[in-house]
Amino acid sequence: MSMKAKILALAGAIATVSAAVADDKPTINPRTNYDQVEQGLRDHLNPMHSTWDYWGAGWIPKACKDFATGHGLSPFDFTVFNVHYDDCSEPWIFCRHKSSHASEIDMIDIFGRMPVHMRSYVRQFMATPGLNDGIAGLWMYPGDVLVEDRPTAQLLAHEFSHGLDYMALQQYGSPFSGTDIWNSNYAQDSAVPTDYSRTNFVEDFAEVGVIGLYDKVVPGGIGNIQPNWNAIFHQYATYQGYLGDNILPGGSCRNRIGNSETVPMGNSAKARRDLGPKPDTSFKNSTINVIEPDAKFEGVVHSHFHHTH
């Protein structure tokens, strides 16, 4: 089954999780210029210094292997590496396919520009070649993010917002976009940010996240490029107000999702004989809060298609 088919098969479950389909409001008029959004985010989200090191031969996170084998890709075509950013004592594990349009530097740079508390709700970050499914990016519970092209800041803001929706505000309900809080604030607005926002409340929350982040980090906020900002104000103000410093640059990581299990790339006896030392992916800093996934959301996937603005 193709990835698009799998996502369509999940549509009913996702709509249930989302509490409602957000299709009763038009897209904001005039439409927001997302080239300006991208430029503003890149200009005001500064790179974070990092170092990186590569895994030993033959090992891969299970999340990366499962995606590869499920989509006709060989796990042996992935480079796996740890990226150590100065603002977090624990590295993130990246998996990059050799034919990905995103280079290692593309992945490291744009990921590190995102606020550390947004990054903290990402488990593994993956890059693959285009899979002919029209998808730009995926978020997979409990926090794996995949890109099929060079990642943009707005794409990561969208995908990372899924993680915030499910994992950062669990005291109010998960996903937060399925709560009465989100529903009641959404109801006060006359529009939604994009056509894709109208898919369901989960996607609306993620699309609002792009606007909410831009409004916080770019001087003058969204009003500088969107004269009708008040039509979506309650949505992005709720996103900002409840997430607080989770979407602000600065600080250091305090929460992380435990890494996916480390497994051999191959299943044959020869592949196992050729294995290098098994990487230790456990967290060493005891002050970091390790977020435990909720089994009821296992298998939930949210996609972001090209040209959805």
Side-chain angles (χ1 to χ4, degrees), residues 17 48 50-56 58-70 75 78-96 107-108 111-112 114-128 137-147 156 159-176 202 206 243 245-247 251-265 275-302:
V17 166
M48 177 54 58
S50 63
T51 60
W52 57 98
D53 54 81
Y54 298 92
W55 277 28
W59 296 102
I60 191 169
K62 186 176 185 297
C64 300
K65 181 177 181 178
D66 287 349
F67 187 89
T69 57
F78 282 80
T79 299
V80 184
F81 52 106
N82 302 312
V83 183
H84 308 259
Y85 293 100
D86 286 358
D87 55 8
C88 191
S89 58
E90 301 291 346
W92 277 269
I93 301 168
F94 288 15
C95 301
R96 179 188 178 272
M107 296 175 71
I108 292 166
F111 191 90
M114 303 305 290
V116 66
H117 297 145
M118 292 186 79
R119 272 184 270 139
S120 295
Y121 293 92
V122 176
R123 185 172 67 166
Q124 262 68 81
F125 187 36
M126 313 176 204
T128 68
L138 288 172
W139 179 88
M140 298 167 279
Y141 192 87
D144 299 323
V145 172
L146 179 141
V147 295
L156 291 199
E159 303 302 348
F160 288 14
S161 290
H162 284 314
L164 296 173
D165 190 15
Y166 278 85
M167 308 295 273
L169 299 171
Q170 294 184 70
Q171 66 271 37
Y172 302 105
S174 180
F176 181 77
V202 168
L243 287 170
D245 70 355
N246 280 309
I247 60 169
S252 59
C253 62
R254 56 191 177 223
N255 300 298
R256 289 289 300 273
I257 303 168
N259 288 311
S260 178
E261 177 188 356
T262 300
V263 297
M265 289 181 173
L275 289 171
K278 185 176 182 179
D280 179 5
T281 63
S282 62
F283 293 151
K284 310 303 184 296
N285 186 343
S286 61
T287 67
I288 288 180
N289 174 50
V290 180
I291 304 166
E292 295 296 331
D294 188 331
K296 72 182 179 184
F297 294 124
E298 184 177 350
V300 169
V301 178
H302 292 291

- Task: Taking all heavy atoms of Ala63 and all of Ser260, pick out the closest pair and write down the distance.
- Result: N-OG, 2.9 Å
- Heavy atoms, side chains only, cut-off 4.5 Å: are His117 and Asp87 in contact? no
- Message: Using side-chain heavy atoms (C-beta onward) and a distance below 4.5 Å, is Ile291 in contact with Gln170?
- Response: yes
- Task: Answer with yes or no after comparing the ring centroid distance for Phe111 and Phe160 against a 6.0 Å cut-off, counting only values under it.
- Result: yes
- Item | Minimum-distance pair of heavy atoms, taken over all atoms of Cys95 and Met107 | O-CE, 4.0 Å
- Item | Spatial distance of atom CE (Met167) from atom CG (Asn246) [nearest 0.5 Å] | 12.5 Å
- Query: What is the distance from atom CD1 of Ile247 to atom CE of Met114, rounded to the nearest 0.5 Å?
  - Reply: 10.0 Å
- Note on the structure: So CZ of Arg256 and CG of Asn289: to nearest 0.5 Å the spacing works out to 12.0 Å
- Task: Calculate, to the nearest 0.5 Å, the distance between atoms CE and CZ belonging to Met265 and Phe78 respectively.
- Result: 9.0 Å
- Query: Considering all heavy atoms of both residues, which atom of Ile108 and which atom of Trp52 are nearest to each other, and what is their separation?
  - Reply: CD1-CD2, 3.5 Å
- Output for pair (Asp245 CG, Arg254 CZ), nearest 0.5 Å, gives 4.0 Å
- Roughly how far, to the nearest 0.5 Å, is NE2 of His162 from CG of Leu138? 9.0 Å
- Flag if over 12 foreign heavy atoms under 6.0 Å of NZ, Lys296: no
- Message: Is any side-chain heavy atom of Arg123 closer than 4.5 Å to one of Pro293?
- Response: no
- Message: Donor-acceptor pair, distance only, cut-off 3.5 Å: does the side chain of Asn82 make one with the backbone of Pro91?
- Response: no
- Has Glu298 got more than 12 heavy atoms of other residues, nucleotides or ligands less than 6.0 Å from its CD? no
- Are the side chain of Glu90 and the backbone N or O of Asn285 linked by a donor-acceptor pair below 3.5 Å? yes
- Test side chain to side chain contact (heavy atoms under 4.5 Å, CB included) on Cys64 and Val80 and set out the steps. CA-CA 9 Å; Cys64 300; Val80 184; 6.0 Å; no
- Item | Test side chain to side chain contact (heavy atoms under 4.5 Å, CB included) applied to Val116 and Met48, step by step | CA-CA 9 Å; Val116 66; Met48 177 54 58; over 6 Å; no
- Message: For a 4.5 angstrom cut-off between non-hydrogen side-chain atoms, does Ser174 reach Phe297?
- Response: yes
- Message: Taking ring pair (Phe, Tyr, Trp, His ring centres under 6.0 Å) as the definition, give me every residue that meets it alongside Tyr121, ordered by chain and number, with sequence neighbours left out.
- Response: none
- Task: Spell out, as yes or no, whether a donor-acceptor pair under 3.5 Å connects the side chain of Trp59 to the backbone of Gly276.
- Result: yes
- State, yes or no, whether a side-chain contact exists between Ile93 and Trp55 at a heavy-atom distance under 4.5 Å. yes
- Take the angle between the ring planes of Phe125 and Phe94 and call it parallel below 30°, perpendicular above 60°, tilted in between. perpendicular
- What are the two closest heavy atoms between Trp139 and Gly143, and how far apart are they? NE1-CA, 3.6 Å
- Minimal heavy-atom distance between Ser120 and Cys253, with the atoms involved, is OG-CB, 3.5 Å
- Does the side chain of Ser50 reach to within under 4.5 Å of the side chain of His84, using non-hydrogen atoms? no
- Considering only heavy atoms from C-beta outward, does the side chain of Asp294 approach that of Tyr166 to under 4.5 Å? no
- Task: Determine whether Phe283 and Val290 make a side-chain contact, defined as any pair of heavy atoms from C-beta on separated by less than 4.5 Å.
- Result: yes
- Query: Can you name the one residue among Val202, Leu169, Leu243 that meets side chain to side chain contact (heavy atoms under 4.5 Å, CB included) with Phe176?
  - Reply: Leu169
- Query: Val263 and Ile60: side chain to side chain contact (heavy atoms under 4.5 Å, CB included), yes or no, with the steps?
  - Reply: CA-CA 6 Å; Val263 297; Ile60 191 169; 4.0 Å; yes
